[in-house]
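Scroll down for the structure; my scribbles are underneath it.
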There are 2 protein chains.
Amino acid sequence: MQISSRFSVAVHVLTLLAVTPVGELLTSDRMAGSVNTNPVVIRRILGQLKKAGLVEVRAAAGGTYLRRAPADITLLDVYRAVEVVEGDLFSIHDKPNPKCPVGRNIQVALDDTLRRAQAALEQQLAGVSVAQVAAGMGELVG
Amino acid sequence: MQISSRFSVAVHVLTLLAVTPVGELLTSDRMAGSVNTNPVVIRRILGQLKKAGLVEVRAAAGGTYLRRAPADITLLDVYRAVEVVEGDLFSIHDKPNPKCPVGRNIQVALDDTLRRAQAALEQQLAGVSVAQVAAGMGELVG
DNA sequence: GTTATTGTAACAATAATGGTTACAATGAAG
DNA sequence: CTTCATTGTAACCATTATTGTTACAATAAC
């Protein structure tokens, strides 16, 4: 199964905030308009980004703004914030037969490989910042 | 969400076949016993491995055997065979607002990065063979 | 022919996802 | 201090994937 679009929506939201003049706040309604979804979906994600310390959300007359410079937010930060994956990316069947040599050792044998695959993916995400994504907007708007 | 355990089960199954004397076949029942699941679950996965040309399955008195040397089957082959992911690993929200600069460009901007992250993961899987996993069994059985 | 086995359909339980409505709580602004 | 736009969150729904299960026809070795 694919990784949830929560992640791409979160990057979208942060990119919107990155291209918004400092001091200006965005409402979940405005962001939902750009993403083209329901404001509640945006607010749910904002809650996760807030918990991760990436944004500040003000109630009432409210809106959201970034708490870190866009260059200081990597896609890995976002990926982790939205908890698209809890713990390990790969799941391993949980109760292989311990009476079988393969059943007894498969989990440990796979663990290292799968962890390294996951790390390789995360390393790529860590190499890209929200600022870089936002820069991509500028170019193309040209 | 995590990647389905179909993948780890498939690796388990192929590892069982790899440590089985050449000429000997394994039934879905035997494999299910080692994985600790229902034989039908195994047969479904075998169908996918067969379609990918990794194993040969004989009906009737039947059973399964490898069609390639364990050293010639990478975990990427397995990953693709069980179609744990159809197409792209990351999903991107499909209808961002084209009237917004960010909505208009986010898909293209993210596409490259996410593809590279996926490629990094797959490259790791491509670097490990079923033979290597099977070797891990031997060590630990000691 | 008998028989063990595969291939597949059908069904159920569980869980995640994305969207929706509803509404209390917040707090800025008049 | 009242108003009001907005957030935070609960509740619900439809859809989908997953894993396990039963059932049974088709297969082919013996």
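All values below come from the heavy atoms of this structure, side chains included, with hydrogens, waters and symmetry mates left out. Letters A, B, ... are given to chains in the order of the sequence lines, protein chains preceding strands, and every chain is numbered from 1. Owing to the predicted nature of the structure, the values given are computational and were not obtained by experimental measurement.
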Practice task
For residues Pro96(B) and Val35(A), determine if any side-chain heavy atom of one lies less than 4.5 Å from a side-chain heavy atom of the other.
Solution key: no
Problem - Residues from residues 50-65 of chain B lying under 4.0 Å of DNA chain D - heavy atoms - result: Ala60(B), Ala61(B)
Handout entry: Side-chain (Ser91(B)) to main-chain (Ile3(A)) donor-acceptor, under 3.5 angstrom
Key = yes
Practice task
Return the set of residues passing side chain to side chain donor-acceptor pair (under 3.5 Å) with Arg68(B) (not counting sequence neighbours), or none when no residue passes.
Solution key: Asp77(B)
Fill in the blank from the handout: In whole angstroms, the gap separating P of dA9(C) from CZ of Arg43(B) amounts to 13 Å
Handout entry: Beyond-backbone contact of Leu66(A) with Ile73(A), side-chain heavy atoms, under 4.5 angstrom
Key = yes
Exercise for the section: Could you list by number each residue of residues 23-40 of chain A showing a heavy-atom separation from DNA chain D of less than 4.0 Å, or answer none if no residue does? Expected result: Thr27(A), Ser28(A), Val40(A)
Practice task
Write down the distance between CD (Gln2(B)) and C1' (dT17(C)), rounded to a whole number of angstrom.
Solution key: 16 Å
Practice task
Let me know the distance between CG of Asp94(B) and P of dG18(C), rounded to the nearest Å.
Solution key: 10 Å
Completion exercise
What one should report as the nearest heavy-atom pair of Leu125(B) and Ala117(A) is CD2-CB, 4.0 Å
Handout entry: Gln107(B) side-chain N/O to Asp94(B) backbone N/O, donor-acceptor pair under 3.5 Å
Key = yes
Fill in the blank from the handout: 5'-most to 3'-most nt of DNA chain D touching chain A (<4.0 Å, heavy-atom partner on protein side) reads dA5(D) to dT18(D)
Handout entry: Ionic contact status for Arg80(A) with Glu122(A), cut-off 4.0 Å
Key = yes
Completion exercise
Residue pair Ser5(A)/Arg44(B) against DNA chain C: nearer the 5' end by closest nucleotide is Arg44(B)
Problem - Partner set under side-chain contact (heavy atoms from CB on, under 4.5 Å) for Val19(B), not counting sequence neighbours - result: Val102(A), Ala134(B)
Problem - Within-4.5 Å side-chain heavy-atom neighbours: Val128(B) and Thr74(B) - result: no
Handout entry: Any Phe7(B) side-chain heavy atom under 4.5 Å of Ile45(B) side chain
Key = no
Exercise for the section: Check the distance between dA16(C)'s P and Ile3(B)'s CD1 and give it to me in whole angstrom. Expected result: 16 Å
Exercise for the section: Take atom CD1 of Ile42(B) and atom C1' of dT6(C), then tell me their distance rounded to the nearest Å. Expected result: 13 Å
Practice task
Name all residues meeting the salt bridge (Lys or Arg N to Asp or Glu O under 4.0 Å) criterion together with Asp88(A); count only those two or more places apart in sequence or in a different chain, and write none if there are none.
Solution key: Arg115(A)
